[in-house]
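Let me begin by presenting the structure, written as structure tokens, before commenting on it.
None of these values were measured; they are calculated from a predicted model. Heads up: numbering here begins at 1 and tracks the sequence.
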Amino acid sequence: MEEGPDRAQLRRYLAERNQYPARTAEIDAELHRVFNRKVAILALDMCGFSRMTAQYGIVHFLAMIDQMEQGAIPAVQANGGRVIKLDADNLFAIFTEPKRALEAALDIFRAFEAINAVVPENRDIRGSIGIGYGDVLVIDEADLYGNEMNIASKLGEDCAGPFEILLTAAAHAALPPDRYEFAPTVFPIGGMQIEAQRFLKSRYKRLPAGPAGSD
């Protein structure tokens, strides 16, 4: 993925928008033209931050965050994705399509299970993941803004349980048909009832990962 426009450019558009209200529609259209990208978003949240920090201290959990990144980042990259942001115990990545985001999520959980098999129980890594798909503003290749980003983040951080993957309706609709199994569910988010899909299992035999852009 190519480097995108930066935050200074965004601020220039926003300052112009605030200064010239009559040109709002024109400036918005140009801003979207420059910054908009249609992507699949993966939002990962580690489970147990408050409990683990209270019990073992912040340094213990910071070390676990490092181990989470060691497991998750290669899984994202192997599925053609790009890590956009690491924020405390959260990881955000973008992909060209939801299928790649979902396969990355499954690989992330496989990596966590492999780590957990060899570390003490008090260092077990558990995560929850939300996946969205749609138009977002990508700033500096480091931040994402948009409705699907917001919903994916809420699903990953607030709604999904350990080792659970939740997809927005848009992400689910863009997946290959009959390839995966899901259970529909609804969550109250921001005063709205948001429809989502809980991943259950894959219906196909997984092949070794090929180069980015291949199935």
Side-chain angles (χ1 to χ4, degrees), residues 39-95 97-133 144 149 151-168 171-172 175 179-183 185 187 196-210 212:
V39 295
I41 304 132
L42 182 151
L44 164 67
D45 180 55
M46 286 179 67
C47 304
F49 173 80
S50 298
R51 176 181 60 81
M52 296 292 287
T53 301
Q55 188 170 1
Y56 299 106
I58 187 61
V59 175
H60 178 94
F61 199 79
L62 288 176
M64 290 179 64
I65 291 175
D66 180 73
Q67 204 156 34
M68 174 274 284
E69 293 174 2
Q70 296 300 318
I73 292 174
V76 168
Q77 295 171 341
N79 286 280
R82 180 170 187 165
V83 174
I84 283 287
K85 187 175 182 180
L86 295 165
D87 183 16
D89 64 335
N90 300 114
L91 177 150
F92 301 93
I94 58 174
F95 301 79
E97 56 184 343
K99 179 184 72 172
R100 291 194 169 278
L102 179 53
E103 291 297 334
L106 296 173
D107 284 344
I108 288 170
F109 286 164
R110 292 184 186 103
F112 289 176
E113 289 170 351
I115 292 170
N116 294 346
V118 297
V119 300
E121 186 176 352
N122 67 359
R123 286 173 50 197
D124 277 359
I125 300 174
R126 297 178 176 86
S128 52
I129 291 176
I131 295 175
Y133 181 58
L144 304 173
M149 170 63 174
I151 300 176
S153 297
K154 286 292 186 181
L155 291 178
E157 295 180 34
D158 300 333
C159 302
F163 289 98
E164 190 169 59
I165 303 168
L166 296 174
L167 281 76
T168 67
H172 176 259
L175 287 171
R179 195 163 188 173
Y180 308 97
E181 288 187 14
F182 297 89
T185 184
F187 295 99
Q197 294 282 336
R198 179 178 286 110
F199 173 80
L200 298 179
K201 66 178 181 178
S202 298
R203 291 175 173 169
Y204 74 107
K205 183 177 180 180
R206 185 175 175 79
L207 300 174

Going by the rule ring-ring contact (aromatic ring centres under 6.0 Å, His included), which residues pair with Phe199 if we only count those two or more places apart in sequence or in a different chain?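 Phe199 satisfies ring-ring contact (aromatic ring centres under 6.0 Å, His included) with Phe182 only.
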Thr168: which residues meet the side chain to side chain donor-acceptor pair (under 3.5 Å) condition with it, sequence neighbours left out?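 Listed in chain order: Glu148.
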For the atom pair [atom1] ([X]) and [atom2] ([Y]), what is the distance rounded to the nearest 0.5 Å?
X	Y	atom1	atom2	value
Ile131	Leu44	CD1	CG	10.5 Å
Glu103	Arg110	CD	CZ	6.5 Å
His60	Ile65	NE2	CD1	11.0 Å
Leu144	Ile94	CG	CD1	6.0 Å
Met149	Lys154	CE	NZ	11.5 Å
Arg123	Met64	CZ	CE	8.5 Å

Going by atom type alone, with no hydrogens or angles, which donor-acceptor pairs under 3.5 Å involve a side-chain atom of residues 157-167 and a protein atom two or more places apart or on another chain?
from	atom 1	to	atom 2	distance (Å)
Glu164	OE1	Gly161	N	2.7
Glu164	OE2	Arg198	NE	2.5

Tell me the closest heavy-atom pair linking [X] and [Y], and the distance in Å.
X	Y	result
Leu155	Ala196	CD2-CB, 4.1 Å
Phe95	Gly80	CD2-C, 4.2 Å
Met68	Ile125	N-CD1, 3.6 Å
Cys47	Gly127	SG-C, 3.9 Å
Ala105	Ile129	CB-CD1, 3.6 Å
Ala93	Val76	CB-CG1, 3.7 Å

Only counting residues at least two apart or in another chain, list the ones meeting side-chain contact (heavy atoms from CB on, under 4.5 Å) with Ile73.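 Partners of Ile73 by the side-chain contact (heavy atoms from CB on, under 4.5 Å) criterion, ordered by chain and then number, come out as Glu69, Gln77, Val83, Leu86, Leu91.
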Looking at residues at least two apart in the chain, or sitting in another chain, which of them share a side-chain contact (heavy atoms from CB on, under 4.5 Å) with Asp66?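 Applying side-chain contact (heavy atoms from CB on, under 4.5 Å) to Asp66 gives Gln70.
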Qualifying side chain to side chain donor-acceptor pair (under 3.5 Å) pairs, either residue in residues 85-95, two or more places apart: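 Of all non-adjacent pairs touching residues 85-95, those that pass side chain to side chain donor-acceptor pair (under 3.5 Å) are Asp45-Asn90, Lys85-Asp143.
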Residue pairs fulfilling ring pair (Phe, Tyr, Trp, His ring centres under 6.0 Å) with at least one residue in residues 66-88, sequence neighbours excluded: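 Output for this query is empty, none listed.
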What ring pair (Phe, Tyr, Trp, His ring centres under 6.0 Å) pairs are there with at least one residue in residues 61-82, not counting sequence neighbours?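 Listed once each, the pairs are Phe49-Phe61.
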Show your working on side-chain contact (heavy atoms from CB on, under 4.5 Å) between His172 and Tyr133 and close with a plain yes or no. CA-CA 8 Å; His172 176 259; Tyr133 181 58; over 6 Å; no
